[in-house]
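Some notes on the structure that comes next.
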Amino acid sequence: MNDFGGADPPVEKIGQENWDTFDCSPDPHTPRKASLLSAPGSLQTPQRSNSFPVVHRFTVHNGDSNTLLNGGEAPKRRVSGYSTTSTEKAKDRKQSNQSTNGYGSPKYRKESTMTNDSLPTSSSTYGLVSSSENKDKRLIPKQGSKSLEREQWGRKLEFLLSVIGFAVDLGNVWRFPYICFRNGGGAFLIPYFLMIVFGGIPLFYLELILGQYHRTGCISIWGKICPIFKGVGYAICLMALYVSSYYNTVIGWAVYYLYSSFAYELPWATCNHSWTDSRCLDKINAAAHNQTWTNDTQSPAQQFFDRHVLEVYKSTGLGDLGPPRWQIVLCLFVVYFILYFCLWKGVRSSGKVVWVTATFPYIVLFILLIRGAMLPGASIGISYYLSPQWHLLAKPTVWLEAATQVFFSLGPGFGTLIALSSYNRFDNNCYRDAFITSVVNCLTSFMAGFVVFSVLGYMAHLLNKTDIEEVTTPGVGLLFVVYGQALTTFSGSVFFSIIFFLMIITLGLDSSFGGLEAVITGFSDEYPETIGKHREKFVLGLLSVSFLLALATTTQGGVYLMTLLEVYATGPAIMTVVLLESISVTWFYGINRLCEDIKAMLGFGPGIFWRVCWTVISPLFVSFMIVMSFIFTSNLQYGDYIFPNWSTWIGWAITLSSITIVPVYALYKFIFEPGSPQQRCFSLLRPEVGGQAQPRESLAMTSVPA
């Protein structure tokens with residue numbers, strides 16, 4: 001009879017080499033219920049009697065360790081080697097206190113022997129096993145066990161570079177400087193900073209925690225949090241596919257510009273080309289000779305982009321896309337070719353690539369920053385960039401722009417942070433990683449503002465303009481048209497053009513790595529036998545589908561489709577996903593359970609700031625964005641083209657195509673889940689263990705009197 005009033009489990013004699021020994025001896029002077037492990041299915045020592053000391057030792061067969069540690073039915077076990085003498089009892093108590101700090105919680109954070117070769121599995125299985133090199137018991141997987149199967153980062157820096165590369169994308173270079181200038185300059189930094197502190201970093205940190213603790217992708221992770229929301233993972237994958245279908249086309253444009261830069265003179269420097277028309281005018285040369293021009297006049301850089309790269313003038317609108325541009329299709333194929341060989345081997349391949357793709361943009365930005373600061377008129381542009389316009393803070397749209405920039409810059413809700421952090425060591429300090437990445441991301445955006453606006457000031461100086469807004473343009477045109485035109489005036493323009501568009505390509509590739517890795521990891525973990533074991537084939541199939549979808553954006557009217565997708569494919573949908581994520585984790589999975597998970601990994605729990613942000617502020621932050629985006633929705637426009645009303649219906653259909661996956665999957669699970677309606681709701685709102693919902697504490701241990 002054990003302490004729980006039940007019969008002792010059967011004892012089975014199996015070879016010692018197949019067993020892991022767990023030492024859970026409590027301090028005999030501390031009759032308390034102490035948590036040994038804050039992982040899924042945490043072990044709890046029973047309340048013992050004071051009549052005699054109790055030593056809890058049990059041995060688990062390797063094949064059944066997943067079931068035991070995740071709170072399932074305990075496997076057959078046997079008790080081994082409990083001490084009988086007072087000397088042995090004292091030794092047991094000393095070892096127990098050393099391994100648990102006297103409170104039953106493993107102090108592995110400072111003493112962990114985990115290495116890159118000994119990581120837990122994707123099934124979130126962790127255990128206390130005996131270390132041959134140390135006398136105390138540690139939270140490490142047994143060498144040679146199944147827990148070593150999951151891939152891992154070769155170095156910690158590879159993970160940081162991958163996350164930074166994903167977070168720092170093209171939007172940091174063109175979007176942040178433009179919206180900062182448009183929404184109050186230096187005054188915009190106030191709402192931007194507040195949104196980062198109370199919304200961006202908490203959500204960013206939360207996803208790193210979830211991925212690192214549960215060690216699985218954006219689909220399977222919901223079974224371990226709240227199974228009824230598993231449709232969120234599939235919705236994330238569909239949105240990632242939408243994004244890749246137009247984002248990679250922008251990278252393809254940069255590849256074409258890079259190819260065109262290898263010339264004696266940049267082809268967008270003059271109007272002497274077959275693609276130009278009578279409206280083309282070298283405005284810089286005209287301004288130098290005090291000539292004037294009309295609003296219809298276009299620069300050579302503008303005509304190169306519109307009439308040569310896109311050929312958008314041959315399309316009448318969204319309903320007339322026209323044929324694909326074979327030059328852009330070829331460049332797009334080059335992009336997908338690079339993506340495949342960077343992703344096919346997982347983090348073993350992409351982790352090496354980011355050493356170049358994540359660091360090269362900073363080298364180029366630093367070079368362009370120095371070059372821009374030396375240009376005449378640069379101080380005027382920087383002044384416009386930073387000069388505060390305090391009255392604009394009263395406009396709700398300024399706060400919405402700040403929240404949107406923070407949200408899409410740090411990237412919660414795309415599944416990428418969960419996927420990348422799932423390949424970390426279990427005891428990796430993701431708390432520090434969240435701060436490092438967030439700070440680097442914000443500083444990059446801020447530095448890019450100096451790079452862009454120093455050049456805009458220079459362009460205003462060349463064109464004899466007093467208002468910076470007359471020489472700038474929203475969207476990616478800021479990179480390809482405005483900055484492209486400025487490059488033609490530099491000494492060594494070909495060199496600067498080559499490194500600039502190489503920077504654009506590497507910035508884009510890093511973010512594309514992350515978005516596609518979220519889909520690959522999600523499906524590989526959810527279907528390990530059919531997809532996980534055939535990663536290379538799945539990556540090839542996924543990129544082939546994405547490439548075929550992207551062909552529509554390479555057409556003559558493809559830029560109109562890209563504008564539609566950019567607004568509707570991710571905006572409301574991704575914000576809804578993050579709202580559901582924050583609610584399900586903190587309200588259904590439980591903030592206390594989440595804090596226990598963090599303490600298990602880091603050795604310390606989160607403070608009141610993080611608890612309040614996750615449970616209250618973050619959901620309000622995302623809800624504010626959703627409501628405001630509906631209130632201030634305006635008709636789409638690209639240049640002089642105004643999108644027809646029916647395009648709005650298409651846009652919302654694209655949005656709903658991903659969002660509706662969540663309720664449809666929830667309904668499907670509810671219908672086919674066995675049991676009464678009440679039992680179904682209960683099981684679907686609790687984490688799954690071994691494929692079924694289980695209570696968190698379900699482990700019974702055998703108590704043996706010493």
Side-chain angles (χ1 to χ4, degrees), residues 168 170-189 192 254 257 261 266 268-269 282-291 293 299-302 305 360-389 392 405 442-504 507:
V168 179
L170 298 177
N172 293 78
V173 177
W174 67 263
R175 194 173 188 276
F176 175 82
Y178 180 79
I179 68 169
C180 183
F181 157 72
R182 190 178 63 184
N183 292 283
F188 177 77
L189 298 178
Y192 179 72
Y257 267 82
S261 297
L266 295 178
W268 56 88
D282 186 350
K283 296 181 180 181
I284 297 176
N285 186 54
H289 293 84
N290 295 322
Q291 296 179 11
W293 54 85
S299 66
Q302 182 72 59
F305 183 65
F360 180 76
Y362 289 95
I363 298 174
V364 177
L365 280 176
F366 185 71
I367 294 173
L368 295 176
L369 178 64
I370 296 176
R371 183 69 184 95
M374 299 169 59
L375 297 172
S379 59
I380 300 175
I382 294 174
S383 176
Y384 268 87
Y385 172 49
L386 297 178
S387 296
Q389 302 176 52
L392 292 179
Q405 174 61 25
C442 297
L443 290 180
T444 303
S445 298
F446 193 61
M447 182 177 71
F450 286 93
V451 173
V452 171
F453 272 85
S454 62
V455 172
L456 290 179
Y458 169 62
M459 291 299 297
H461 171 76
L462 293 180
L463 298 174
N464 298 326
K465 300 293 184 180
T466 57
D467 190 353
I468 292 292
E469 198 159 4
E470 294 185 49
V471 298
T472 187
T473 182
V476 293
L478 183 63
L479 299 178
F480 293 100
V481 177
V482 179
Y483 213 98
Q485 184 180 11
L487 290 173
T488 63
T489 66
F490 288 6
S491 299
S493 58
V494 171
F495 167 77
F496 282 103
S497 180
I498 290 173
I499 64 170
F500 176 76
F501 289 109
L502 274 175
M503 178 190 72
I504 299 301
L507 281 172

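FYI, the numbering just counts along the sequence from 1.
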### Query
What orientation do W268 and Y257 show, parallel under 30°, tilted 30 to 60°, or perpendicular over 60°?
tilted

### pair W174-V452: side-chain heavy atoms closer than 4.5 Å
no

### Query
Going by heavy atoms in the side chains, are F181 and E469 under 4.5 Å from each other?
yes

### Query
Under 4.5 Å between any side-chain heavy atoms of L365 and M447, yes or no?
yes

#### Entry: Check: L456 and L478 side chains under 4.5 Å, non-hydrogen atoms
yes

### Task
Could you grab the distance from atom OG of S299 to atom CG of N285, nearest 0.5 Å is fine?
13.0 Å

### Query
When rounded to the nearest 0.5 angstrom, what distance separates CG in L487 from CD1 in I498?
11.0 Å

### Task
Quick one: do K283 and L462 satisfy side-chain contact (heavy atoms from CB on, under 4.5 Å)? Show the steps, please.
CA-CA 9 Å; K283 296 181 180 181; L462 293 180; over 6 Å; no

### Task
Determine the minimum heavy-atom distance between A254 and I504, stating which atoms define it.
CB-CG2, 3.7 Å

### Query
Where is the tightest heavy-atom contact between V168 and L507, given as atom of each residue plus distance?
O-CD2, 3.7 Å

### Message
Please report the interatomic distance CG(D467) to OH(Y384), rounded to the nearest 0.5 Å.
### Response
5.0 Å

#### Entry: Min side-chain heavy-atom separation L392-N183 under 4.5 Å
no

### Query
What distance do I363 atom CD1 and M503 atom CE have between them, rounded to the nearest 0.5 Å?
12.0 Å

### Query
After noting the C-alpha distance and the side-chain angles of S445 and Y192, does the key distance pass the side-chain contact (heavy atoms from CB on, under 4.5 Å) rule?
CA-CA 11 Å; S445 298; Y192 179 72; 4.2 Å; yes

### Message
Going by the rule side chain to side chain donor-acceptor pair (under 3.5 Å), which residues pair with R182 if we only count those two or more places apart in sequence or in a different chain?
### Response
E401

### Message
Assess the residue pair V471 and V482 against the criterion (side-chain contact (heavy atoms from CB on, under 4.5 Å)); give the C-alpha distance rounded to whole Å, side-chain angles, the decisive distance to 0.1 Å, and a yes or no.
### Response
CA-CA 7 Å; V471 298; V482 179; 5.6 Å; no

### Query
Which heavy atom of Y385 sits nearest a heavy atom of C180, and at what distance?
CE1-SG, 3.8 Å

### Y362 side chain to T444 side chain, donor-acceptor N/O pair below 3.5 angstrom
yes

### Query
Would a 4.5 Å heavy-atom cut-off, applied to side chains only, mark L502 and V364 as touching?
no

### Task
Evaluate the side-chain proximity of F501 to Y483: yes if any heavy-atom separation is below 4.5 Å, no if none is.
no

### Task
Provide the closest heavy-atom pair for S491 versus R371 in the form atom of the first, atom of the second, distance.
N-NH2, 4.2 Å

### Task
Just do the side-chain contact (heavy atoms from CB on, under 4.5 Å) check on S383 and S387 with the steps written out, would you?
CA-CA 6 Å; S383 176; S387 296; 3.3 Å; yes

### Task
Considering non-hydrogen atoms only, spot the tightest contact between Q485 and A301 and give its length.
CB-CB, 3.8 Å

### Query
Which class fits the ring pair F305 and F480: parallel under 30°, tilted 30 to 60°, perpendicular over 60°?
parallel

### L479 CG to F500 CZ distance, which is reported to the nearest 0.5 Å
5.0 Å

### Summary
Looking only at heavy atoms, the pair that brings P300 and D282 closest together is CD-CA, 4.1 Å

### Message
When you compare the side chain of L386 with that of F453, does any pair of heavy atoms fall below 4.5 Å?
### Response
no

### Task
Starting at CD1 of I499, measure out to CD1 of I367 and round the result to the nearest 0.5 Å.
4.5 Å

